[in-house]
Amino acid sequence: MRLEDIDTPALLIDLDALEANLDGMAKYLADNGTKLRPHAKTHKSPVIARLQMARGATGVCVQKTAEAEVLAWGGVSDILVTNEVIAPAKLSRLAALAPFAHIALCADHPAALQYIELAAENSGVRLDVLVEVDVGAGRCGTAPGEDAVALARLIAKSKHLRFGGLQAYQGQAQHLREPERRQAEIANVVARVRLTVESLRRAGLSCETIGGGGTGTFPFEAESGVFTEIQAGSYCFMDVDYSRNLDAVGSPARMFRQSLFVLSSVMSVPKPGVAVIDAGHKAVAVDSGLPVVRDASGFQYVRSSDEHGVLCFGPETAPPQLGEKLMLIPGHCDPTVDRFDWYVGMRGDRVACLWPIPARGAVN
Ligand SMILES: *Cc1c(COP(=O)(O)O)cnc(C)c1O
């Protein structure tokens, strides 16, 4: 099948660009000597996770118990839930994965440890627990230093848990546009992590894993000498928001290519300068900004409703034909993926594969 035969809206992957992104990150971190544990909340796909593992990734991150299940059932053997899981029903599901995948999760409160411990004991397994430290994002996590040590001690004492190390992700730093600001923010992160590692060492506890970093900041974490694992997710696809990050020479970041697109069709040309396409915000996420029309500089996506996207164009741009297909670069890749059942993998303008998105909607 060719591009023009694909029904719309559809979620497309440019496989050459995807592979270049996977190769680029794998090589960068291999040269740097830091492990890669990509975040699978981006792609929600065991197929892409296995492409990452084949390039040396040590495992994957997920955010949700249901994502962990899909990836474990899809053959991924090492999974870190980079999140606090409290509900006993979810913890017993995670413990049930432990016989066929290495499972780790995060905690930031002593009461949470009791729930995790009970689930591990009931299932007769041992679970790895990382202490999440708030390194500046102001979301989950203990304070750096002694609070983290107190929790690590409890984990290390438990018969059913193992202290795995620290979770130290600063999500807000990822999208600071100027590289100096991202670097400065990660310098603060690194200082908080160092302080915590020192406190742990004095308490006789060592960290096997110190994880964090995303697509916007990973070189800074990787070069810190403190982080052992990078958790970048969006680098496989990129999106409009990430394309607006500047790199060291001030131009838009170029290390990774856009590989994810929503294919849409023109369904109405109601008046001069306006075209309406069949991709509104049920087909493409707008939480981090509107999508951009690829290779069609004359068209501007100006407004979305549930099932309609409104494009404007000037008199110098040839009006589109009804049914004409346009490729959108999503504003935000992760929630766009969550809207589709399938990826359509493209080599040039030919369909090469269909990959399911089984962790789509995995909110539990
Ligand atoms: C989302 C997330 C990442 C990956 O961030 P990207 O910006 O998509 O690369 C890494 N770690 C954690 C804990 C996350 O939630």
Side-chain angles (χ1 to χ4, degrees), residues 18 21-22 24-26 28-29 34-45 48-49 52 57-65 67-68 71 78-85 104-108 129-142 164-177 179 182 185-186 189 192-193 209-222 227-245 247 253 255-260 285 287-289 330-338 359 362-363:
L18 171 73
N21 293 346
L22 300 184
M25 182 66 94
Y28 180 92
L29 290 177
T34 309
K35 290 185 211 159
L36 173 61
R37 180 183 290 277
H39 215 302
K41 74 174 195 239
T42 304
H43 54 65
K44 295 174 165 286
S45 155
I48 298 177
Q52 292 169 319
T58 184
V60 300
C61 300
V62 299
Q63 211 77 302
K64 294 293 189 159
T65 299
E67 289 175 340
L71 287 156
D78 191 329
I79 299 170
L80 166 65
V81 185
T82 55
N83 217 347
E84 279 64 21
V85 182
L105 71 164
C106 298
D108 66 0
V129 181
L130 275 66
V131 172
E132 180 165 17
V133 179
D134 179 4
V135 286
R139 204 166 60 179
C140 298
T142 68
L166 301 177
Q167 169 67 18
Y169 175 65
Q170 204 329 1
Q172 277 150 28
Q174 303 308 315
H175 299 275
L176 297 172
R177 294 303 177 217
R182 295 197 297 279
E185 189 50 45
I186 299 309
V189 167
R192 291 172 176 131
V193 172
T209 296
I210 299 177
T215 302
T217 66
F218 69 89
F220 306 127
E221 279 95 345
F227 280 81
T228 66
E229 288 185 1
I230 294 299
Q231 303 177 338
S234 303
Y235 78 99
C236 62
F237 294 147
M238 300 303 282
D239 53 29
V240 174
D241 192 9
Y242 260 128
S243 76
R244 295 192 170 129
N245 270 15
D247 68 18
M255 186 165 168
F256 305 110
R257 291 159 59 186
Q258 299 292 346
S259 70
L260 186 79
D287 61 297
S288 300
H332 189 184
C333 56
D334 310 21
T336 299
V337 167
D338 201 43
V363 292

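First listed ligand is number 1; within each ligand, the first listed atom is number 1. Counting from 1, the numbers follow the sequence of the chain as shown.
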Proximal ligand 1 atoms for [X], defined as those under 4.0 Å from one of its heavy atoms:
X    : result
T82  : 13 (C)
Q63  : 15 (O)
Q167 : 13 (C)
T215 : 6 (P), 7 (O), 9 (O)
G213 : 10 (C)

Report the nearest protein non-hydrogen atom to [atom]: residue, atom name, distance rounded to 0.1 Å.
atom                    : answer
atom 5 (O) of ligand 1  : Y169 OH, 3.2 Å
atom 7 (O) of ligand 1  : Y242 OH, 2.6 Å
atom 15 (O) of ligand 1 : K41 NZ, 2.8 Å

Backbone of [Y] reached by a side-chain donor or acceptor of [X] within 3.5 Å:
X    : Y    : answer
Y169 : G214 : no
K35  : E229 : no
E84  : C106 : no
N83  : V62  : no

Could you pull out the closest heavy-atom pair between F256 and N21, with the gap in Å? CA-OD1, 3.4 Å

Nearest heavy-atom pair of R182 and R177: which atoms, and what distance? NH1-O, 2.9 Å

Less than 4.0 Å between a side-chain N and a carboxylate O, is that true for D239 and R244? no

Report yes if some N/O of Q231 lies less than 3.5 Å from some N/O of ligand 1; otherwise report no. yes

Residue part near ligand 1, for H39, under 4.0 Å between non-hydrogen atoms: side chain

G216 touching ligand 1 at heavy-atom level, < 4.0 angstrom: no

From the candidates A173, S234, C140, the one that places a heavy atom nearest atom 6 (P) of ligand 1: S234

Output field: ring centroids Y242/H332 closer than 6.0 Å: no

